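We number each residue from 1, following the sequence as shown. Just so we're clear, the structure is a prediction, and the values are computed from it rather than from any experiment.
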Amino acid sequence: MSNIIAVIWDFDKTLVDGYMQDPIFEKYGVDAKKIWEEVNSLPDKYWNEQKVKVNKDTIYLNHFINKTKEGVFKGLNNDLLFELGKELKFYRGIPEIFEKTKKIVEENSIFQEYNIKVEHYIVSTGMKNMIEGSIIKKHVEGIWGCELIQIKDKDNNWEISEIGYTIDNTSKTRAIFEINKGINKNPEYDVNAKIKEGNRRVLFKNMIYIADGPSDVPAFSVIKKGGGSTFAIYPKSDLKAFKQVEKLRENNRVDMYAEADYSEGTTTYMWITNKIEELAQNIVNEEKSKLDASISDFPKHLIFSVDFLNF
């Protein structure tokens, strides 16, 4: 029985108001707008100068590494990223909603009878070390993000130096398949291994994907195609972001969208919690149907009719 409901979250602008790198800029007194303008100019720069294509989702990592080597982010390493993660500012209702959604099934005797569980995952193009340093870490089953290799500088101090692992908006779908097949729980399995849908750890139809915009269309599409649920977030009073998520709804990329506020009583909170209850009840109904079918198919004694007059 596939009894796990997985809530999969994007990070920047979905859980935090802005970008996770903001604490880095604050620590080093760097103009965030200027850095992001430089990052956004890199694809054209490298194409015009060298005819080299770059990954627009992850080229920022190269820029942060170069700025570290130049001394702008002197001493930036994985331990510091972890510490700066503690300073991340989350939207209202985070992380409380993570535990409240788990209690929906934990405190329901019927759902517990079928051993239903709610798990939370983060799949982000951001820096994994910062996410792991944040208050979110203890509330989730797994985190996918970009990882950096560090080396010692001339003063024998660690600094980020190379890209180790990346997640972009397309490879987020790979992470979703890993959750689907249970690779994170059973690392001996390969993500490309052929596993029958019914035998997978988390069925797509029991997944909820929550993100903030058009860059998550590949992930939205995979979840929707598999029968799962999708939800988009926009910051309060941000008309541009509102129009983006409305366009996603019009194009059937998302089932619903609402303001980025996860506190009790908000549309976002009610939609997520109601969807989890709905999915849990669907699991119960399906299991009951299977049981009823197995009982009706059980062999029965043959009944013979006896005609006493012709005996």
Side-chain angles (χ1 to χ4, degrees), residues 9-90 122-137 143-172 174-175 211-216 235 238 240-241:
W9 304 79
D10 178 36
F11 197 81
D12 290 342
K13 295 187 175 182
T14 298
L15 291 172
V16 295
D17 186 6
Y19 293 100
M20 71 171 68
Q21 293 81 13
D22 288 344
I24 300 174
F25 302 139
E26 292 171 11
K27 175 177 176 56
Y28 289 98
V30 172
D31 184 347
K33 182 180 179 182
K34 182 174 182 294
I35 290 291
W36 290 125
E37 286 175 350
E38 291 172 358
V39 169
N40 292 334
S41 71
L42 292 177
D44 287 339
K45 169 183 167 62
Y46 290 129
W47 178 254
N48 293 333
E49 292 179 357
Q50 305 176 40
K51 293 296 182 287
V52 173
K53 294 180 180 179
V54 301
N55 189 321
K56 294 180 180 180
D57 298 331
T58 55
I59 190 63
Y60 81 92
L61 296 169
N62 295 73
H63 201 56
F64 273 72
I65 289 170
N66 288 334
K67 288 298 180 184
T68 300
K69 292 177 179 177
E70 292 171 8
V72 176
F73 297 140
K74 184 174 176 57
L76 185 61
N77 57 38
N78 287 329
D79 287 341
L80 181 53
L81 289 173
F82 184 91
E83 289 302 312
L84 291 173
K86 296 176 181 178
E87 300 178 16
L88 290 171
K89 298 176 177 63
F90 291 84
I122 293 173
V123 180
S124 170
T125 60
M127 298 170 170
K128 184 178 180 181
N129 280 76
M130 292 198 73
I131 301 171
E132 290 190 327
S134 75
I135 57 174
I136 286 296
K137 175 65 167 61
I143 297 170
W144 280 258
C146 298
E147 301 182 50
L148 299 170
I149 298 168
Q150 53 188 15
I151 62 170
K152 288 187 176 181
D153 63 12
K154 60 182 180 180
D155 298 318
N156 209 36
N157 296 315
W158 291 106
E159 283 190 335
I160 57 172
S161 176
E162 299 177 64
I163 296 173
Y165 181 84
T166 61
I167 286 281
D168 60 29
N169 290 318
T170 302
S171 60
K172 280 184 175 186
R174 178 187 172 93
D212 69 289
S215 60
D216 283 280
D238 189 331
K240 181 180 178 182

Mind checking side-chain contact (heavy atoms from CB on, under 4.5 Å) for [X] and listing every partner two or more places apart, or none if nothing turns up?
{"X": "Lys240", "answer": "Asp238, Gln244"}
{"X": "Asp31", "answer": "Lys33, Lys34"}
{"X": "Lys128", "answer": "Glu132, Ile143, Glu147"}
{"X": "Glu49", "answer": "Lys45"}

Taking the side chain as every heavy atom from C-beta outward, state whether [X] and [Y] have any atom pair closer than 4.5 Å.
{"X": "Ser124", "Y": "Ile167", "result": "no"}
{"X": "Ser134", "Y": "Met20", "result": "no"}
{"X": "Phe11", "Y": "Leu88", "result": "yes"}
{"X": "Phe82", "Y": "Asp79", "result": "no"}

What are the two closest heavy atoms between Asp10 and Asp12, and how far apart are they?
OD2-O, 3.3 Å

Taking every heavy atom of Gln150 against every heavy atom of Asn78, the minimum-distance pair comes out as OE1-N, 2.9 Å

Euclidean distance, [Y] [atom2] relative to [X] [atom1], rounded to 0.5 Å:
{"X": "Leu84", "Y": "Ile24", "atom1": "CG", "atom2": "CD1", "value": "6.0 Å"}
{"X": "Asn40", "Y": "Lys56", "atom1": "CG", "atom2": "NZ", "value": "9.5 Å"}
{"X": "Leu81", "Y": "Cys146", "atom1": "CG", "atom2": "SG", "value": "11.5 Å"}

So, the side chain of Asp168 versus the backbone of Thr58: is there a donor-acceptor pair under 3.5 Å, distance only?
no

Residue pairs, two or more places apart or on separate chains, that pass side-chain hydrogen bond (donor to acceptor under 3.5 Å, both in side chains) and touch residues 15-30:
Lys13-Tyr19

List the atom pairs, with distances to 0.1 Å, where a side-chain N or O of residues 155-166 and a protein N or O form a donor-acceptor pair under 3.5 Å, not counting sequence neighbours.
| residue | atom | partner | partner atom | Å |
| --- | --- | --- | --- | --- |
| Glu159 | OE2 | Gly75 | N | 2.7 |

Sequence neighbours excluded, the answer for salt bridge (charged side-chain N to carboxylate O under 4.0 Å, His left out) partners of Lys86 is Glu83

Applying salt bridge (charged side-chain N to carboxylate O under 4.0 Å, His left out), name anything that partners Asp212, two or more places apart in sequence or on another chain.
none

Asp216 meets the side-chain hydrogen bond (donor to acceptor under 3.5 Å, both in side chains) criterion, sequence neighbours left out, with Lys172, Tyr209

Of all residues at least two apart in sequence or in a different chain, which pass the side-chain hydrogen bond (donor to acceptor under 3.5 Å, both in side chains) check with Asn77?
none

Let me check something: any side-chain donor-acceptor pairs from residues 63-72 under 3.5 Å, sequence neighbours excluded? List them with distances.
| residue | atom | partner | partner atom | Å |
| --- | --- | --- | --- | --- |
| His63 | NE2 | Glu38 | OE1 | 2.7 |
| Asn66 | ND2 | Asn62 | O | 3.3 |
| Thr68 | OG1 | Phe64 | O | 2.8 |

Tell me, with the steps shown, if Met127 and Tyr60 meet side-chain contact (heavy atoms from CB on, under 4.5 Å).
CA-CA 11 Å; Met127 298 170 170; Tyr60 81 92; 3.9 Å; yes

Criterion side-chain contact (heavy atoms from CB on, under 4.5 Å) on Ile136 and Trp9, from CA distance to verdict:
CA-CA 11 Å; Ile136 286 296; Trp9 304 79; over 6 Å; no

